[in-house]
There are 2 protein chains.
Amino acid sequence: MDKVTSLEVAKRAGVSQSAVSRVFTPGASASNKTILKVREAAQELGYRPNVLARSLITGKSRIIGLVVAYLDNYFYPLALEKLSNYLQSEGYHVLIFMATNDTLSTDQVIDELLDYQVEGIITASVGLSSDLTARCEAAGVPVVLFNRSQDAANHSAVTSNNFSGGKSVAEFFLAAGHKRIGYIGGWEGASTQREREAGFRSALAEAGEALAAHALGQFTVEGAKKAARQMFGESDHPDAVFVATDHMAFAVMDVLRGELNLHIPNDVSVVGYDDVPPASWAAYDLSTVRQRADVMVKETVTLMIEKIRNPASAPRHIKIDSPLIVRSSAKIPEGWTS
Amino acid sequence: MDKVTSLEVAKRAGVSQSAVSRVFTPGASASNKTILKVREAAQELGYRPNVLARSLITGKSRIIGLVVAYLDNYFYPLALEKLSNYLQSEGYHVLIFMATNDTLSTDQVIDELLDYQVEGIITASVGLSSDLTARCEAAGVPVVLFNRSQDAANHSAVTSNNFSGGKSVAEFFLAAGHKRIGYIGGWEGASTQREREAGFRSALAEAGEALAAHALGQFTVEGAKKAARQMFGESDHPDAVFVATDHMAFAVMDVLRGELNLHIPNDVSVVGYDDVPPASWAAYDLSTVRQRADVMVKETVTLMIEKIRNPASAPRHIKIDSPLIVRSSAKIPEGWTS
DNA sequence: GTAGGGGAAGAGCGGTGGCTCTCCCCCAGG
DNA sequence: CCTGGGGGAGAGCCACCGCTCTTCCCCTAC
């Protein structure tokens with residue numbers, strides 16, 4: 001019933017097996033007559049080349065491994081969708097692996113990935129041990145980090161410009177006249193968290209201001225709620241807060257409005273980061289820094305393909321500009337443009 | 001630098017290549033001494049078996065193809081995450097394909113999937129042409145539909161019990177005393193849409209009521225908004241509406257509250273379907289029918305594995321009970337329990 | 001006659017698995 | 001006690017999975 005091989009097609013078409021192979025290999029030459037005969041026989045038998053067998057000999061699996069940690073932040077599914085589409089259009093396919101965020105499981109997951117002879121690995125919001133990096137390097141498998149960077153290691157990475165993104169939020173708050181400014185971050189292990197905070201603090205410092213309150217929400221809804229309750233529980237609470245991801249910002253807004261009876265933006269301005277779809281929904285209408293997933297994905301794939309074609313190419317860290325999207329969750333400075 | 005083969009390991013360990021193979025094959029026998037020598041040599045060389053080569057001869061790729069259409073409904077990323085995790089724990093890996101919702105591209109996508117010698121195909125919210133079904137059948141690749149069913153074809157499928165889910169929403173509305181009841185659906189091609197509506201209508205009919213308003217939102221935010229504006233633009237608008245997915249329900253709520261100044265649930269009761277995370281966020285607090293993704297995934301994988309082990313096993317359609325989750329977006333009937 | 005296009009043949013790619021062969025252990029018989 | 005034969009575990013050999021690619025050869029066209 002199953003498994004039609006090129007040999008059977010060859011027999012039926014009355015040619016050699018290698019002729020069949022040539023017909024199905026893009027760069028190869030065959031006479032029109034042979035092509036016709038072979039295609040017809042293949043059609044009749046329902047033959048399609050076995051990609052696995054092909055990749056065994058060519059050494060190219062056309063598979064890209066993708067390692068993802070959280071899918072609960074809406075940004076990642078969206079990125080995944082675009083990534084998969086884009087790679088598909090380039091003739092690659094995506095083998096997906098979920099990783100919890102401890103290094104142990106990540107390492108194991110990447111080992112399994114390597115077993116599948118993937119041509120490259122893209123990790124989304126996942127850190128890599130240097131040991132692992134070495135193994136990928138040794139196996140000649142390029143790695144590109146998506147939305148995460150690592151200083152020490154020589155990986156390629158694509159992120160939004162988190163530092164300048166954080167900075168622009170601070171400038172926005174300052175221009176609106178806010179004085180008590182808070183920050184609710186994610187998790188110290190994440191480069192995105194660190195850089196957003198650093199950019200935010202740096203712009204405050206330039207203006208001679210300092211952070212009035214600081215907390216970490218671990219990128220979770222519960223963590224963010226807890227941070228918000230603590231930061232806004234007292235009467236001298238901040239009048240503006242930058243939350244490191246939209247996902248957490250929604251939770252913060254829910255606490256401010258639903259539990260603490262604070263009005264947004266009159267009592268508190270809230271700004272997030274990511275610009276996931278719910279940020280534009282009327283119930284939140286969240287001002288936020290937009291991570292342009294499409295651009296990030298495009299750069300990631302480009303970088304990946306470049307490294308596959310030329311393994312010696314130097315690792316690069318690409319930072320995508322991330323514009324501030326102004327909506328109604330934060331006080332808008334007089335005469336604010338752009 | 002790369003590509004350590006079993007032969008090299010064999011040389012270093014001073015054994016035959018097949019001995020190396022045996023050490024890395026679960027069921028095979030080898031002496032402790034050999035195992036030790038081989039493991040050591042493999043360690044030193046960084047050897048891992050080539051899964052592709054293995055699957056070429058065993059005929060088992062341990063790859064499951066996953067076809068997904070929309071990742072913009074939050075339900076799917078969540079399901080995908082669980083699915084991938086669960087399959088991983090069973091020793092399978094997921095090759096992911098995005099499909100737009102026309103049959104043409106789906107067919108092409110599945111062809112490519114078949115090229116990778118996948119052992120099974122799971123489609124999430126995607127319909128299959130019968131021609132395609134036949135080809136999968138012919139190739140001996142089982143197909144399981146996730147969150148979609150197809151009457152005619154003999155596929156296995158796992159869905160929530162959409163009919164009874166829709167029914168329970170109608171009963172809930174009726175118990176609360178609603179008289180003008182509307183429905184905003186998805187897209188007629190989707191079995192989920194049809195069954196939810198059928199269940200909803202059937203419970204109304206049993207009570208001697210009929211649908212006061214009906215519209216389709218195509219499962220998109222824009223479509224749902226348009227439907228809502230149209231349905232609630234006049235003064236004799238419905239006082240309760242069932243929206244076929246949470247995703248659309250949020251958009252409907254935004255329009256009702258933000259554009260039409262209607263109060264929820266005083267002026268209009270809204271109930272959704274899915275129970276995605278934002279449904280429990282305070283800004284929406286949406287009453288909805290819960291699709292238990294974890295149970296659905298578990299059943300899907302179980303079914304898949306059963307069909308892989310025993311290709312002759314009869315196709316089954318498993319329906320998962322879906323409870324109504326009562327929150328504040330709809331009037332709660334007096335003395336309502338469960 | 002020579003050049004060149006295109007088909008056939010065969011050697012792998014990195015493994016697996018059946019078959020054979022060896023070696024060792026154990027037991028029975030002299 | 002020593003020796004020989006039977007049996008089983010474990011290692012080696014080799015064919016093969018389905019395809020690509022190089023080499024070689026043939027046939028055609030100029």
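Keep in mind the model is a prediction, meaning the values are calculated, not measured. Within every chain, numbering begins at 1; the chains are lettered A, B, ... in the order of the sequence lines, protein sequences first and strands thereafter. In what follows, every heavy atom counts, from backbone to side chain, and hydrogens, waters and symmetry copies are set aside.
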May I have the distance from [X] (atom [atom1]) to [N] (atom [atom2]), rounded to whole angstrom?
{"X": "A/L36", "N": "C/dG6", "atom1": "CG", "atom2": "P", "value": "15 Å"}
{"X": "B/K11", "N": "C/dG14", "atom1": "NZ", "atom2": "C1'", "value": "14 Å"}
{"X": "A/I35", "N": "C/dG5", "atom1": "CD1", "atom2": "P", "value": "15 Å"}
{"X": "A/K60", "N": "C/dG14", "atom1": "NZ", "atom2": "C1'", "value": "16 Å"}
{"X": "B/R54", "N": "C/dG17", "atom1": "CZ", "atom2": "C1'", "value": "13 Å"}
{"X": "B/L56", "N": "C/dT16", "atom1": "CG", "atom2": "P", "value": "11 Å"}
{"X": "B/F24", "N": "C/dG15", "atom1": "CZ", "atom2": "P", "value": "10 Å"}

Inset, instruction - Examine the base of C/dG15 for any acceptor or donor lying under 3.5 Å from a partner atom in the side chain of B/R22, and report the outcome as yes or no. - result: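 Not at all, since no donor on one side and acceptor on the other fall under 3.5 Å apart.
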
So, is [X] near the phosphate of [N], with a side-chain N or O under 4.0 Å from OP1 or OP2?
{"X": "A/S18", "N": "C/dA8", "result": "no"}
{"X": "B/S6", "N": "C/dG14", "result": "no"}
{"X": "B/S16", "N": "D/dG12", "result": "yes"}
{"X": "A/Y116", "N": "C/dG14", "result": "no"}

Inset, instruction - State yes or no: are the ring centers of B/F24 and B/Y47 separated by less than 6.0 Å? - result: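 Here the rings of B/Y47 and B/F24 have centres that are less than 6.0 Å from each other.
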
Inset, instruction - Please examine the side chains of B/V141 and B/V118, heavy atoms only from C-beta on, and report whether any two atoms are closer than 4.5 Å. - result: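 Of all side-chain heavy-atom pairs linking B/V141 with B/V118, at least one is under 4.5 Å.
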
Can you identify which nucleotide, out of [options], has its nearest atom closest to the [X] side chain?
{"X": "A/I57", "options": "C/dG15, C/dG7, C/dC13", "result": "C/dC13"}
{"X": "B/S31", "options": "C/dG17, D/dC19, D/dG10", "result": "D/dG10"}
{"X": "A/T58", "options": "D/dC21, D/dC14, C/dC13", "result": "D/dC21"}

Legend entry - Side-chain donor-acceptor pair present, B/S6, B/Q17, cut-off under 3.5 Å: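 B/S6 vs B/Q17: donor-acceptor pair found between side chains.
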
Inset, instruction - Please check if atom CG in B/N32 has more than 12 non-hydrogen atoms from other residues, nucleotides or ligands closer than 6.0 Å. - result: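 12 or below, so no.
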
Inset, instruction - With rounding to the nearest 0.5 Å, note down the distance linking CZ in B/F97 to CD in B/E112. - result: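 Answer for the CZ-CD pair, B/F97 versus B/E112, is 5.5 Å.
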
Using a heavy-atom cut-off of 4.0 Å across all strands, would you classify [X] as base, sugar-phosphate, or nothing?
{"X": "B/T25", "answer": "sugar-phosphate"}
{"X": "B/V51", "answer": "nothing"}
{"X": "B/V20", "answer": "nothing"}

Inset, instruction - Return the 5'-most residue of the pair A/V15, B/S21 with respect to DNA chain C, ranking by each residue's nearest nucleotide. - result: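 The residue mapped nearer the 5' terminus is A/V15.
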
Legend entry - Upstream residue (5' side of DNA chain C) when A/Q17 and A/K33 are each assigned their closest nucleotide: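 Result: A/K33.
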
Legend entry - salt_bridge(B/R12, B/E40) N-O dist < 4.0 Å: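 A salt bridge is absent here (no side-chain N lies under 4.0 Å from a carboxylate O).
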
Inset, instruction - Take B/A30 and B/A53, find for each the nucleotide of DNA chain D with the closest heavy atom, and name the residue whose nucleotide sits nearer the 5' end. - result: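 Final value for this comparison: B/A30.
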
